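Working notes, beginning with the structure itself.
Below, read A as the first sequence line, B as the second, and so on, with proteins coming before strands; counting in each chain starts at 1. Bear in mind the structure is a predicted one, so any value in this text is a computation, not a measurement.
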2 protein chains.
Amino acid sequence: MRGAATREQIVEAADRLFYQRGYEHTSFADIAGTVGLSRGNFYYHFKSKDAILDAVIEARLANTRRTLEQWETEQATPEGRILRFVEIVLTNGADIQQYGCPVGTLNTELAKLDHAMRDQAQQLFTLFRDWLREQFALLVPAEQADDLAMHVLAFSQGVAVLSQAFRDEEFVRREVDRMRGWLSAYVK
Amino acid sequence: MRGAATREQIVEAADRLFYQRGYEHTSFADIAGTVGLSRGNFYYHFKSKDAILDAVIEARLANTRRTLEQWETEQATPEGRILRFVEIVLTNGADIQQYGCPVGTLNTELAKLDHAMRDQAQQLFTLFRDWLREQFALLVPAEQADDLAMHVLAFSQGVAVLSQAFRDEEFVRREVDRMRGWLSAYVK
DNA sequence: GTCTATATTACGATAGAC
DNA sequence: GTCTATCGTAATATAGAC
C-alpha cells in the first residue's frame with residue numbers, strides 16, 4: 001500500500017520534472033529531493049533512470065487516454081472535439097509558454113539522444129493522431145481524415161515551439177482563430 | 001592564422017554536434033575528439049562551454065543572414081522568397097527528419113535549461129521572422145505582415161517536430177502543398 | 001599552441017545496516 | 001521500505017611542461 005503510494009509520488013514528481021527541466025537535465029537527486037526520499041531508497045522502487053522514464057510515459061499515455069475519453073463525453077460533435085484539442089494551446093497556455101508541449105519536447109529530446117524509449121514517446125503523439133483522425137472521419141471521406149489530423153497536430157506543435165521561444169500569448173490567440181476559420185470549412 | 005583556423009574548426013564541429021546530439025548531451029571530449037584536439041588545449045580557445053555556445057550561435061546568425069541575402073538575389077518575387085523558406089523542410093528534409101529544426105530544437109532545449117543564452121538563440125528565429133515580414137509587406141498591408149510571417153514560421157516548426165517524431169516524408173510533402181495553396185491567396 | 005596530468009564535482013548505481 | 005555509505009565514471013575545468 002505504502003509502497004505503491006511512494007512509487008506513484010516518484011512517477012508524479014519525475015513526470016513534472018522531466019517536463020519542466022527535460023529528461024537528461026533531471027537527476028535522481030532532483031526527483032528524490034522533491035519526493036523527500038534518499039537516493040539510496042530510490043533504487044528499491046526503480047532500478048534505473050530509464051525505468052522511471054518508462055513509468056512516466058506509461059502514466060502520460062494513461063492520462064491522455066482518460067483526457068480523450070472525457071472530451072468525447074463533454075463535446076457532442078466532432079468539430080467540438082477537434083476544437084477542444086486546438087484550444088489546449090490556450091487552456092495550457094502558461095505551461096506551454098514556459099515549458100513547451102509535453103509531448104513535443106519529450107519526443108524532440110529523446111530523438112536527439114537516440115533514446116531507446118523514443119517509440120514509446122511517439123505513441124503519445126499517435127494517441128492524439130488517431131483520436132483526431134476518428135473525429136475528422138465523421139466530417140470528411142475517411143481517406144482524408146489522417147492528413148487533416150496530422151495538420152492539426154502540426155498546428156499544435158508549431159504554436160507550442162514559437163509560444164515558448166517568443167512568449168507571446170497574442171500570437172497563440174491569432175493562430176487559434178486562424179485554425180477555427182480553417183476548421184469551419186470542414187464542418188457539415 | 002593557425003589559431004583562427006583551429007577556432008573555426010572547433011566552432012564548426014560544435015555547431016554540428018550541438019545540432020545532432022543537443023547542447024547538453026555534447027561534451028568537450030566529443031568536440032575535441034572530432035577536431036582531433038586534446039581536451040587541455042581546448043581551453044586555450046574557449047574558456048567555457050557557454051563561450052562555445054555563444055560562438056556557435058554567432059556563426060549561425062551570420063550563416064542565416066548570408067542565406068537570406070542569397071534568397072533575395074535568387075528569387076525575384078516576395079512569394080518566391082517565402083516559398084523558398086517554406087521548402088526548407090523539403091530541401092533539408094533528411095536532416096530535419098533526423099535532428100529536427102536547428103533553430104527550433106536549440107530554442108526548445110535552452111528554454112528548458114533556462115539558459116542564459118536563450119535570448120541569443122531567439123534572435124535566430126527573429127532573423128527569419130523579420131525577413132518573412134518584409135516579404136509579406138510587399139504583398140499585404142504592413143500591419144498584417146508580421147502575423148503572416150509568424151504563421152509561416154509556425155508551419156515550419158510544426159512540420160519539423162512531427163517529421164522528426166514520425167519520420168514521414170509524405171507528411172512533409174502534403175504540408176508544403178497545403179502551404180503553397182494557402183500562400184497563393186496572398187499573391188497579387 | 002599543443003600536450004599530459006590532475007583537481008573537482010555531479011551523477012548513476014550498488015551494498016549493507018536498520 | 002528506508003536509510004547511510006560508497007564505488008565507478010564522466011564531465012567541466014585548471015596547472016604546468018614542452
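Within the structure, a side-chain polar atom (N or O) of Y44(B) is placed less than 4.0 Å from OP1 or OP2 of dG1(C). Within the 4.0 Å cut-off from OP1 or OP2 of dA11(D), not a single side-chain nitrogen or oxygen of H25(B) is found.
Between R7(A) atom CZ and dG1(D) atom P the separation is 11 Å, expressed in whole Å. In this structure, CZ of F42(A) is placed 18 Å from P of dA15(C), rounded to the nearest angstrom.
In this structure, a donor-acceptor pair under 3.5 Å is present between the side chains of Q120(A) and D54(A). Judged by distance alone, the side chains of Q135(B) and R81(B) do bring a donor and an acceptor atom under 3.5 Å apart. Residues R60(B) and N63(B) have side chains that never bring a donor and an acceptor to within less than 3.5 angstrom of each other.
Within a 6.0 Å radius of CZ in R39(B), no more than 12 heavy atoms belonging to other residues, nucleotides or ligands are found.
Less than 4.0 Å separates DNA chain D from no heavy atom of any residue of residues 30-38 of chain B.
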Restricting both atoms to N or O, compile the protein contacts to nucleotides 13-15 of chain D shorter than 3.5 Å, with distance only.
unit_1: dA13(D); atom_1: OP2; unit_2: K49(B); atom_2: N; d: 3.2
unit_1: dA13(D); atom_1: N7; unit_2: Y43(B); atom_2: OH; d: 3.2

Salt bridge (charged side-chain N to carboxylate O under 4.0 Å, His left out) between E87(A) and R180(A), worked out: CA-CA 10 Å; E87(A) 287 168 351; R180(A) 282 202 190 98; 2.9 Å; yes
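Rounding to the nearest 0.5 Å gives a distance of 6.5 Å between CG of L37(B) and OG1 of T6(B).
When the salt bridge (charged side-chain N to carboxylate O under 4.0 Å, His left out) test is applied to E169(A), the partners found at least two apart in sequence or on another chain are R173(A).
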